[in-house]
2 protein chains.
Amino acid sequence: MADDTALRSRDRRPRPGGEDAAREAAGPDYVLEHQVGHLLRRAHQRHAALFQGMLADAVGSDAALTPTQWAALVKLAGLGEATQNALGRLTAMDPATTQGVVRRLIARGLVSRAADPADRRTLKLSVTQAGREAVAAALPAACAISEATLAPLSDEERDLFLDLLQRMAFA
Amino acid sequence: MADDTALRSRDRRPRPGGEDAAREAAGPDYVLEHQVGHLLRRAHQRHAALFQGMLADAVGSDAALTPTQWAALVKLAGLGEATQNALGRLTAMDPATTQGVVRRLIARGLVSRAADPADRRTLKLSVTQAGREAVAAALPAACAISEATLAPLSDEERDLFLDLLQRMAFA
DNA sequence: ACCCGATCGTTCGTATACAAACGATCAGGA
DNA sequence: TCCTGATCGTTTGTATACGAACGATCGGGT
């Protein structure tokens, strides 16, 4: 696997045209750290780290939920009842992902499923009493996490950022 | 997608006090769609979809790279040479993730590894000739993808958004 | 009544992403 | 010298995330 076609990476041979070797290698003006995609990924990573740490501190690491699980649980709590795929659409998860998330929530006793006699394809999901208590217990932390994620910005910047981000997300 | 917040909880008679059932269930003022974390996740998803689609159109679905693979490849091309973990740190991947990404890049012949006699723990990575050609081939698409991701925003908004996002990502 | 396209939930395969633990190696100090 | 802490890359396990394919079911049109 270690073929030797590699070790000519640094033969910087300034061509008469004047193009620079590093620019030739990485491309002109393409700085990874300035690309939206990379910045979105890093910001999302930072939020996920804050979420995991702060929620575990608030409710205990054994009762902690992932961001995705929290999204599904809160959404379902607000709906009262929903089909699995419908819940997935409202939380931006595809059916395969939703299946895993819901399965873990059920395994924890936070969500229950029931067959729908009117449509035998679907599953009616609802939040159990333990699920409602979990939402109530985690809610203050969830708010604090959103706060902490936005901490680098001033109040006016937060409003502006959220507005622009929303347009980026739902375009 | 018409989101229906109208679906209220099922058997709820409005109490004389006036408190609403959905608020009681999901918590007051916590609207998932307004949380930074959720918006970051959706925006990141949208970018990933654009990336996959546009890059496949540009270089063919068989030669396409994932956003993470592209980040590692471009970064390594700019460095000329790097250790695996060092490359991971520069692209915000932990060692376990980096290992998988680099392994796939090597399997495609875009990156090569060499032992470092000075430090037998490390692996020196570099971009192969095929890797440099892949970078050159994908670079226009990469720029177009960043453009397309920012398309919902005006020019001034883009600058502002990137500035705020950078502070969110690197705080 | 039948058919046919759409939707439901599931499964498989692949690719991030991270925690945790591991052996190997390095660097520095007693 | 030896020891000790740090770093390197790897592996395992878990959790998103998505494409693709699947059988079951629904609904509409004929």
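Each chain gets a letter, A, B and so on, in the order the sequences are listed, and its residues count up from 1.
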Which Ile, Leu, Val, Met, Phe, Trp or Tyr residues join L32(A) in one cluster when any pair of side-chain heavy atoms under 4.5 Å counts as a link? none
5' precedence on DNA chain C between P95(A) and G100(B) (nearest-nucleotide basis): P95(A)
In whole angstroms, how far is the [atom2] atom of [N] from the [atom1] atom of [X]?
| X | N | atom1 | atom2 | result |
| --- | --- | --- | --- | --- |
| I106(B) | dT10(D) | CD1 | C1' | 13 Å |
| R108(A) | dT14(D) | CZ | P | 13 Å |
| R42(A) | dT16(C) | CZ | P | 17 Å |
| W70(A) | dT16(D) | CH2 | P | 15 Å |
| H44(A) | dA15(D) | NE2 | P | 17 Å |
| K124(B) | dC8(D) | NZ | C1' | 14 Å |

Phosphate OP1/OP2 of [N]: any [X] side-chain N/O under 4.0 Å:
| X | N | value |
| --- | --- | --- |
| R89(A) | dC8(C) | yes |
| R104(B) | dT16(C) | yes |
| Q84(B) | dT10(D) | yes |

Please work out which residues in residues 56-69 of chain A have a non-hydrogen atom less than 4.0 Å from an atom of DNA chain C and list them by number. none
Would you list the pairs meeting ring-ring contact (aromatic ring centres under 6.0 Å, His included) in which at least one residue belongs to residues 146-171 of chain B, sequence neighbours left out?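 Every ring-ring contact (aromatic ring centres under 6.0 Å, His included) pair that includes a residue of residues 146-171 of chain B, provided the two are not neighbours, is F161(A)-F161(B).
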Among pairs that include at least one residue of residues 83-116 of chain A, which meet ring-ring contact (aromatic ring centres under 6.0 Å, His included), considering only residues two or more places apart or in two chains?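 Non-adjacent pairs meeting ring-ring contact (aromatic ring centres under 6.0 Å, His included): zero.
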To the nearest 0.5 Å, what is the distance between CG on L165(A) and CG on L160(A)? 11.0 Å
If I take atom CD from residue Q166(A) and atom NE2 from residue H34(B), how far apart are they, to the nearest 0.5 angstrom? 5.5 Å
Residues that R108(B) engages under side-chain hydrogen bond (donor to acceptor under 3.5 Å, both in side chains), provided they are two or more places apart: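 Partners of R108(B) by the side-chain hydrogen bond (donor to acceptor under 3.5 Å, both in side chains) criterion come out as none, since no residue qualifies.
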Look for any protein N or O under 3.5 Å of an N or O in nucleotides 18-29 of chain C and output each such pair with its distance, or none.
| residue | atom | partner | partner atom | Å |
| --- | --- | --- | --- | --- |
| dC26(C) | OP1 | R120(B) | N | 2.9 |

Output a table of donor-acceptor pairs, distance under 3.5 Å, between side-chain atoms of residues 49-67 of chain B and any protein atom two or more places apart or on a different chain; print 'none' if there are none.
| residue | atom | partner | partner atom | Å |
| --- | --- | --- | --- | --- |
| T66(B) | OG1 | Q69(B) | N | 3.1 |

Set of residues satisfying side chain to side chain contact (heavy atoms under 4.5 Å, CB included) with respect to D159(A), sequence neighbours excluded: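 Residues passing side chain to side chain contact (heavy atoms under 4.5 Å, CB included) with D159(A): none at all.
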Could you work out, with side chain to side chain contact (heavy atoms under 4.5 Å, CB included) as the rule, every residue matching Q129(A), not counting sequence neighbours?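 Per chain and number, Q129(A) pairs via side chain to side chain contact (heavy atoms under 4.5 Å, CB included) with R132(A), E133(A).
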Using a 4.0 Å heavy-atom cut-off across all strands, classify T83(B) as base, sugar-phosphate, or nothing. sugar-phosphate
